[in-house]
Amino acid sequence: MSCLVIHQGVKDTELKDNGKVNHLYCIGSGQVTGRKFITLNCADQLYDEALRLREPYTEWVYGLNKEFLAHNLTQDELSLFFLTDLSNKRNELFDTYETIANLSYLARRLRGENVERIELYGVDDAFFESACSIFPGARAVRVRPSQERVRLVRRVLADFLYFCRVLGVIVINKFHRKLKRSGEKEAKKRYFFSFFPQMFDAQLSELRYRDMVGPKDAYIVTIIADGMHQKIPTIRYERLARSLPSDKFVLIDREFRIRGLLEAVRRYWSVHQYVARSRRSRYVFQGINISRYIRQELLWSAGRIGRLTVVEEALNRTLAKLQVTELVYPIFEFAFGRMISALIGEKYRGIVRTGFNHGDYSWRFINYFLAKGEASSKPPYLNHCPIPDKVLAEDQLCSEIYRYNGYCNVSIMEKVTRLDYLQKIKAKKLDDFSLIVAGLHDGEALAAYIRETVEKKPEIRFLFKPHPRASNL
């Protein structure tokens with residue numbers, strides 16, 4: 001008989017001795033003391049487990065599209081499933097895949113072990129449910145439970161406030177003095193899609209594209225966006241909109257309409273009804289009950305679909321007024337970019353869709369992985385995920401991962417313009433200084449992990465640099 005202790009979080013915990021054989025598994029930087037433990041953590045084996053699960057889980061998630069089709073959650077030739085964060089497998093937003101990898105690894109490590117008791121510290125309801133499913137005969141005890149990431153009231157309120165901001169913009173646009181144009185459409189151009197002001201510097205140069213944008217090119221931008229990629233208060237909207245030169249920028253927010261907002265609410269409500277019905281469903285992957293996780297992802301995705309509908313309707317009206325030869329856009333791997341791929345693929349087939357790679361990749365980063373046969377650049381998108389006509393990858397690794405996942409016409413950029421600023425940095429090594437640089441989502445965990453090291457070396461001055469857009473410190 002043995003006891004399994006699972007500890008999650010950054011806080012340290014001291015336990016009393018229980019006289020049993022104790023196995024310890026930690027998720028996060030928190031330390032556990034007070035007992036003699038058999039430590040189960042092994043990063044290399046966990047990474048191998050995550051790689052092993054990647055293909056089966058990707059196929060399993062893709063299979064959930066059938067439920068969307070069965071409940072008629074479609075729009076024209078597109079299944080709304082492909083605009084969900086569930087389809088995207090967003091492991092920076094949800095703990096689903098991380099939990100599966102951790103619990104699958106534990107089940108393998110403890111195979112043949114008679115686990116009588118499980119003590120879980122700092123886990124939420126979803127993790128607790130999943131852990132109990134792989135050790136059904138053990139008595140589970142939870143201490144210091146944490147809240148689930150996605151909660152119904154909070155999400156509905158956030159979505160309601162977003163729709164209110166859109167309504168406010170629609171009202172503001174009514175008083176906007178439109179520029180007089182000739183009867184002809186705009187001259188044909190290559191356009192670059194982006195988010196303003198988040199992705200622009202003071203000279204109105206896009207931080208990712210930089211000098212890729214030539215004199216004859218222009219930007220298609222959004223300020224309000226989906227309220228997730230950037231959050232701009234309505235009170236700032238008109239001032240920001242007026243700051244954009246009309247000869248270089250096209251703002252799709254000027255095309256927000258009541259009709260588009262109502263369509264967004266309709267789709268939002270339809271998905272919420274499906275989420276409510278799914279509470280009776282049980283989602284199990286390789287013996288692990290992940291029902292609560294999947295319902296969280298569906299709940300979040302309802303808001304995503306509603307918000308993207310607002311943007312889609314505005315972008316559609318914008319493209320109808322322009323003559324676009326090519327649209328270059330980032331985040332094409334995610335729901336926002338898939339919306340663009342689907343819209344143009346269905347209604348503007350003369351426009352070349354160019355996906356722009358804007359970050360580092362990994363074979364374990366499941367966000368970017370699709371099931372075999374899932375991707376398609378051509379409609380209909382009822383059973384296939386919409387993708388661009390071609391992709392600009394930053395390096396060889398990125399290009400290999402794109403091709404592996406079914407993306408076509410993948411080429412490597414001659415120059416990664418978003419990293420130009422690194423050439424201007426002149427690093428100078430100082431023995432009594434140490435720089436710690438955090439990523440977008442790991443700032444809190446990294447700070448907690450290196451705290452002991454910092455305290456033990458008072459002779460060194462540690463500098464901590466969080467990610468510029470991080471909000472977890």
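The structure displayed is predicted, hence computed values, not measured ones.
Here Phe334 pairs with Tyr368 under the ring-ring contact (aromatic ring centres under 6.0 Å, His included) rule; sequence neighbours left out. Considering only residues two or more places apart in sequence or on other chains, Ser270 meets the side chain to side chain donor-acceptor pair (under 3.5 Å) condition with none of them. When the ring-ring contact (aromatic ring centres under 6.0 Å, His included) test is applied to Tyr274, the partners found at least two apart in sequence or on another chain are Phe68, His71.
The backbone N or O of Trp363 lies less than 3.5 Å from a partner atom in the side chain of Arg54, making a donor-acceptor pair. With hydrogens and angles ignored, the 3.5 Å screen pairs a side-chain donor or acceptor of Gln230 with a backbone N or O of Gln198. Looking at Arg403, its side chain does come within 3.5 Å of a backbone N or O of Val410 through a donor-acceptor pair.
With ring centers used as reference points, Phe193 lies under 6.0 Å from Phe336. A centroid separation of less than 6.0 Å is found between the aromatic rings of Phe200 and Phe249. Taking the six-membered ring for Trp and the full ring otherwise, the centers of Tyr268 and Phe163 sit less than 6.0 Å from each other.
The two atoms that bring Arg236 and Pro197 nearest to each other are NH2-CG, 4.3 Å, heavy atoms only.
A 6.0 Å sphere centred on NZ of Lys66 holds no more than 12 heavy atoms belonging to other residues, nucleotides or ligands.
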Next on the checklist: With ring pair (Phe, Tyr, Trp, His ring centres under 6.0 Å) as the criterion, how do Phe356 and Phe192 come out once you've worked through the C-alpha distance, each side chain's angles and the decisive distance to 0.1 Å?
Outcome noted: CA-CA 10 Å; Phe356 185 86; Phe192 291 76; 7.8 Å; no

Next on the checklist: For a ring pair (Phe, Tyr, Trp, His ring centres under 6.0 Å) check, start with the C-alpha distance between Phe369 and Tyr97, then their side-chain angles and the critical distance, and finish with the verdict.
Outcome noted: CA-CA 13 Å; Phe369 281 82; Tyr97 186 65; 9.6 Å; no

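Using a 4.5 Å heavy-atom cutoff, the side chains of Asp48 and Tyr105 are not in contact.
By the 30° and 60° cut-offs, the orientation of the rings of Trp60 relative to Tyr57 is parallel.
In this structure, Ile290 CD1 and Gln296 CD are separated by 11.5 Å, a value rounded to the nearest 0.5 Å.
A salt bridge links Lys390 with Glu326: the distance from a Lys NZ or Arg NE/NH1/NH2 to an Asp or Glu carboxylate oxygen falls below 4.0 Å.
Shown are Lys89, Glu333, Glu92; of these, the side-chain hydrogen bond (donor to acceptor under 3.5 Å, both in side chains) with Asn367 is made only by Glu92.
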